[in-house]
There are 2 protein chains.
Amino acid sequence: MPRPKSLTQTALAVAALAVLDRDGLAALSMRAVANELGVGTMSLYRYVADRDELEAVAVEHILSQVDVDPPKKALWDKQVAVLAERVRTAIARHPNAVPLTMSHRHRCPSLLRWGEAVLGVLTRAGFTGEERVIALRVVLGYLIGATEMEHRSPLAGEGTDAMTGLSEKYPLLAETAGVAGGIPSDVEFRRGLEVVLSGLRRP
Amino acid sequence: MPRPKSLTQTALAVAALAVLDRDGLAALSMRAVANELGVGTMSLYRYVADRDELEAVAVEHILSQVDVDPPKKALWDKQVAVLAERVRTAIARHPNAVPLTMSHRHRCPSLLRWGEAVLGVLTRAGFTGEERVIALRVVLGYLIGATEMEHRSPLAGEGTDAMTGLSEKYPLLAETAGVAGGIPSDVEFRRGLEVVLSGLRRP
DNA sequence: TTAGGTAGGCGTACAGCGCACGCTTACAGT
DNA sequence: ACTGTAAGCGTGCGCTGTACGCCTACCTAA
């Protein structure tokens, strides 16, 4: 009956991510997103309740792209590894949004679906009860932590250079940073995940 | 020669944490901290360059309280576990500051000292080169991730209740949430950490 | 074809933020 | 007692999120 909507929540999410990718986290504002869409600021409030929800919608859009079907005919640990790496990859596509991803992940349906999928794999592998709780937590914990570290770390990125100067106070850290600089981050992630899965494999 | 300072960076940190603990993260502002100290807003800028530095000082104050001496005559994995739990404990004392702790940890001298201490333990345990890099990363990654999850998780706290309602869409997740609710969070952290350390013990 | 109701779009305004600037003022050394 | 120095802070600016209410495009019913 009335005038039809001209936008969608998804369109807001895409615009927010465009601003984020182009101008950084600090530049994300209701005005900026509205501008990106060529509409007035207050029009956005027809699609989201407030800024918080806009952020949540953007994060959901990032994570909705991860395929939660574990690869058939792979061992359970490989399946978990693949699922974890898919999340890492999706998040890595929007590095400026990492802090938002962290703060909104817990209300994100896609991540719930992902958790359900991981639990499916674990269940099929024989995990039950508290053991299964711990298994999910340790995998998700490592995933969250590793992703955070990768995008603002003392051992990689800008921190590495700044820290090699502190060799005298922190010799081991400086040496470690040097070695870490030679390892591609995806390899580092995979090897750390391998450690976690290795710990889960034993009784 | 001139008028002496009446405050210190530490005093700002304490005031900021007081505001944080009492009124939450959103209430932390330069005005609020100045009020807490009974001084004018702009006076704070004699002690910190900007709000960002105030946050960093507060985080440093939180983490400066962790003892980085590993317990003598314990096995290396126990030593690492103790060091990790000390950080968790320190962070947990100011739950409202967790997001700040995450975003400022990488410029925090106390955490560098902590990393140096962990590397010392790992080195004495025989870890070298890339293996040692991975070991530190996986421990720190789990620590960071687990701490984040503990303070805003889909499996604990308010999320648990909200999610048991979604049993139909996410049956495994709902069941897991129920089981998780019965495990004290420090036990959960310890058992997850045990998985990680178990993974580090092999080859 | 026209009139009316519904809801989309948005202009305005306000409280709060971080902080640049420059004045006032308390102190220490001569 | 005088003076140089830096602490303390009042004012103001540009920005934020968003409450409120007007205007108007659209779809339906007559």
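Side chains are part of it too, since the values below use all heavy atoms of this structure and drop only hydrogens, waters and symmetry mates.
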Original post:
To the nearest Å, how far apart are A:E53 CD and D:dT18 C1'?
Top reply: 14 Å
**OP:** With DNA chain C as reference, determine whether A:G40 or B:T41 sits nearer its 5' end, using the nearest nucleotide of each.
**Re:** A:G40
Original post:
For B:L7, does its backbone N or O pair with a side-chain atom of B:Y47 as donor and acceptor, under 3.5 Å?
Top reply: yes
Original post:
Taking DNA chain C as the partner, which of residues 5-12 of chain A come within under 4.0 angstrom of it by heavy atom?
Top reply: A:K5, A:S6
**OP:** Take the protein atom CG of B:N35 and the nucleotide atom C1' of C:dC17, then report the distance between them rounded to whole Å.
**Re:** 15 Å
Original post:
Could you give the CG-to-P distance, from B:L37 to D:dA7, as a whole number of Å?
Top reply: 16 Å
**OP:** Could you list all the ring-ring contact (aromatic ring centres under 6.0 Å, His included) pairs where at least one residue sits in residues 173-193 of chain B, not counting sequence neighbours?
**Re:** B:Y142-B:F189
Original post:
Is there a side-chain contact between A:T147 and A:M102 (heavy atoms, below 4.5 Å)?
Top reply: yes
Original post:
If you take atom types as modelled and just measure distance, does the side chain of B:R31 reach the base of C:dG18 with a donor-acceptor pair under 3.5 Å?
Top reply: yes
Hey, can you pull the donor-acceptor pairs under 3.5 Å for the side chains in residues 61-70 of chain A, sequence neighbours left out?
unit_1, atom_1, unit_2, atom_2, d
A:S64, OG, A:E60, O, 3.4
A:S64, OG, A:H61, O, 2.9
A:D67, OD1, A:D69, N, 2.9

Original post:
Just by distance, do the side chain of A:R93 and the backbone of A:A90 share a donor-acceptor pair under 3.5 Å?
Top reply: no
Subject >> Salt bridge flag under 4.0 Å for residues B:E194 and B:R190 >> reply: no
Subject >> OP1 or OP2 of C:dC17 under 4.0 Å from side-chain N/O of B:S29 >> reply: yes
Original post:
Could you write nucleotides 20-30 of chain C as a row of B, S and -, 5' to 3', where a protein heavy atom under 4.0 Å of any base atom gives B, of only sugar-phosphate atoms gives S, and otherwise -?
Top reply: BB---BBBBS-
**OP:** Round to a whole Å and report the spacing from CZ of B:R51 to P of C:dC17.
**Re:** 9 Å
Subject >> Whole angstrom value for the distance that separates P of D:dC15 from CE of B:M30 >> reply: 20 Å
**OP:** Please determine, for the side chain of A:Y47, which listed nucleotide (C:dG9, C:dG18, D:dG17) has the closest atom?
**Re:** C:dG9
**OP:** Answer yes or no: is there a donor N or O on one side and an acceptor on the other, between the side chain of A:E188 and the main chain of B:I134, under 3.5 Å?
**Re:** no
Original post:
Quick one: salt bridge (Lys or Arg N to Asp or Glu O under 4.0 Å) pairs with a partner in residues 21-34 of chain A, sequence neighbours left out?
Top reply: A:R22-A:E36
Original post:
Are A:S43 and C:dC10 close enough that a side-chain N or O sits under 4.0 Å from OP1 or OP2?
Top reply: yes
Subject >> Residues that B:E116 engages under salt bridge (charged side-chain N to carboxylate O under 4.0 Å, His left out), provided they are two or more places apart >> reply: none
